[in-house]
Number of protein chains: 2
Amino acid sequence: MSVQERKDRERASRERLIVATARELAEQQGWDAVTTRRLAERIEYSQPVLYSHFRGKREIIGAVALQGAAEMAAAVRAATAAADGPRERVAALARAYLDFAERHPAVYDAIFQLDGGLAYAHEDTPEPLKDAFAALMESLGEVAGDGVEPGLFTETFWASLHGLATLTRAGRLPPENTEPRVELLVDRLAVV
Amino acid sequence: MSVQERKDRERASRERLIVATARELAEQQGWDAVTTRRLAERIEYSQPVLYSHFRGKREIIGAVALQGAAEMAAAVRAATAAADGPRERVAALARAYLDFAERHPAVYDAIFQLDGGLAYAHEDTPEPLKDAFAALMESLGEVAGDGVEPGLFTETFWASLHGLATLTRAGRLPPENTEPRVELLVDRLAVV
DNA sequence: GATTCGATCCTAGCATTGCTAGACAATCGA
DNA sequence: TCGATTGTCTAGCAATGCTAGGATCGAATC
């Protein structure tokens, strides 16, 4: 019994190591650099070990995505909690969101761009993803305005932020005017 | 002289064939299926021929992106030209944009998501890309509202559309409510 | 019309990728 | 101490982007 428990613990610990290392590697050199060989070398095990924890690279990305979603939700909640009034809350949310995307581009990609084999906008969507959306809706729902469903409003506002985040990082938008763009979004979309 | 011209013509024709085939393959089976081997086989030449036209796969994606950007600009202009009044023009623009993204996902990715080695938001941005942005600004600029630069407004509106397009296609947003989301964006962002 | 020479193209190969089969070793229960 | 199970690694597969080198074809010259 106790032996088995120790093994389980060690296995779980190694799994966390894999996810943490994958994330670290992705944040340092991008997801392209996260190859199974490099990852295996960094955790000081052979490649096949990875496949005893995850079905493949996709699932590893998915694991990073779940971890990242939880952090993003926390970051958003922390930012909104410190803001006064609906308008300021939304502005704080937007800035926190874009800040997270800029500071953790690899994690952001894992959540919102790459294929991590996760279900989205579905009943069996993993809890951290649902909760991240919930974190957005908590502040956005109150500025949806009359006759607009909070869910729909949140989706739309979120999509706008996502567009800003990805286009900016891909070099499609000049990074200088991020702040006025955010102001514009908040001023026009949010009904206070 | 004439011999050289014929050769140049044939070369240009083969280059068009490469781009068209790459695009076709990408639209049929996604960009992952566009391998240099498959592409070479389809155009009935060997792999190295591709590298005599393009530096690598990246540049082929870039060529598809430029072609696609021109088409998208035309689609947007056609849609806005057929609409009456600023408000309807913006709505038509939004629908045309999302329609293009949905109908040509591979081309859309080449333009806005993948790395085609192109310069964006820069002085030496290729003409088709600049023109596509110009096509957006023609209709969006007139609803920017007081004190808001048309360019800034266009960027922000465009980013919102981009977010809707990509999140929907990646399965992050349920596709059902696209229309109300567009309505919301147009109603709130555009000043008529 | 034969010959040389340059452009054009293809065969073959490299290093890297994700993933897996099968051999090997360590560990646990008896 | 032995047998079996569990765990891990070595080695390898097919596919990827890309390139070096030789073969071949055609065009200009004598």
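Chain naming here is simple, since letters A, B, ... match the order of the sequence lines and numbering starts at 1 in each.
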Open item on the list: So that I know where these two stand, are Trp158(B) and Phe112(B) an aromatic pair - ring centroids less than 6.0 Å apart?
Closed with: yes
Task: Listed partners of Glu179(A) passing salt bridge (charged side-chain N to carboxylate O under 4.0 Å, His left out), at least two apart - done: Arg95(A)
TODO: Using a 4.0 Å heavy-atom cut-off across all strands, classify Arg14(B) as base, sugar-phosphate, or nothing.
DONE: sugar-phosphate
Open item on the list: Under the rule for side chain to side chain contact (heavy atoms under 4.5 Å, CB included), what residues qualify as partners of Ala121(A), not counting sequence neighbours?
Closed with: Pro174(B)
TODO: Using side chain to side chain contact (heavy atoms under 4.5 Å, CB included) as the criterion, list what pairs up with Arg58(B), not counting sequence neighbours.
DONE: Asp115(B)
Give each protein N/O atom lying under 3.5 Å from an N/O atom of nucleotides 21-25 of chain C, with the pair distance.
none

TODO: To the nearest Å, give me how far apart CD (Glu41(B)) and P (dC10(C)) are.
DONE: 13 Å
Open item on the list: Which residues pass the salt bridge (charged side-chain N to carboxylate O under 4.0 Å, His left out) test with Glu41(A), not counting sequence neighbours?
Closed with: none
Listed pairs under 3.5 Å, donor-acceptor, residues 63-72 of chain B side chains, sequence neighbours left out:
residue  : atom : partner  : partner atom : Å
Glu71(B) : OE1  : Arg23(B) : NH1          : 3.4
Glu71(B) : OE1  : Arg23(B) : NH2          : 3.0
Glu71(B) : OE2  : Arg23(B) : NH1          : 2.7

Open item on the list: Could you tell me how far apart Tyr45(B) (OH) and dC25(D) (P) are, to the nearest whole angstrom?
Closed with: 14 Å
Task: All side chain to side chain contact (heavy atoms under 4.5 Å, CB included) counterparts of Ile61(A), not counting sequence neighbours - done: Trp31(A), Ala110(A), Leu114(A)
Open item on the list: In this structure, how many angstroms lie between the P atom of dT16(D) and the NZ atom of Lys57(A), rounded?
Closed with: 16 Å
- [ ] Specify the separation, in whole Å, of atom CD of Gln29(A) and atom P of dT17(C).
- [x] 11 Å
Task: Arg89(B)/Glu142(B) ion pair, N-O < 4.0 Å - done: yes
TODO: Please report, rounded to the nearest Å, how far the C1' atom of dT19(D) is from the CZ atom of Phe54(B).
DONE: 18 Å
Task: Any residue meeting side chain to side chain contact (heavy atoms under 4.5 Å, CB included) with Thr154(B), in chain and number order, not counting sequence neighbours - done: Phe133(B), Leu136(B), Met137(B), Leu140(B)
Task: Residues from residues 31-39 of chain B lying under 4.0 Å of DNA chain D - heavy atoms - done: Val34(B), Thr35(B), Thr36(B), Arg37(B), Arg38(B)
Open item on the list: If you take any heavy atom closer than 4.0 Å to DNA chain D, which residues from residues 113-120 of chain B end up in contact?
Closed with: none
- [ ] Mind calculating the distance between CD1 (Ile18(A)) and C1' (dT8(D)) to the nearest angstrom?
- [x] 13 Å
TODO: To the nearest Å, give me how far apart CD (Glu10(B)) and P (dC25(D)) are.
DONE: 16 Å
Task: Sequence neighbours excluded - salt bridge (charged side-chain N to carboxylate O under 4.0 Å, His left out) pairs with any residue from residues 116-136 of chain A - done: Arg77(A)-Asp131(A)
Open item on the list: Reading DNA chain D from 5' onward, which residue's closest nucleotide shows up sooner: His53(A) or Tyr51(B)?
Closed with: His53(A)
Open item on the list: Measure CG/Leu50(B) against C1'/dC10(C) and give the value in whole Å, please.
Closed with: 13 Å
- [ ] Test for a donor-acceptor pair under 3.5 Å between the base of dC19(C) and the side chain of Gln47(A), counting only N and O atoms.
- [x] yes
Open item on the list: Using the salt bridge (charged side-chain N to carboxylate O under 4.0 Å, His left out) criterion, which residues pair with Glu149(A)? Sequence neighbours excluded.
Closed with: none
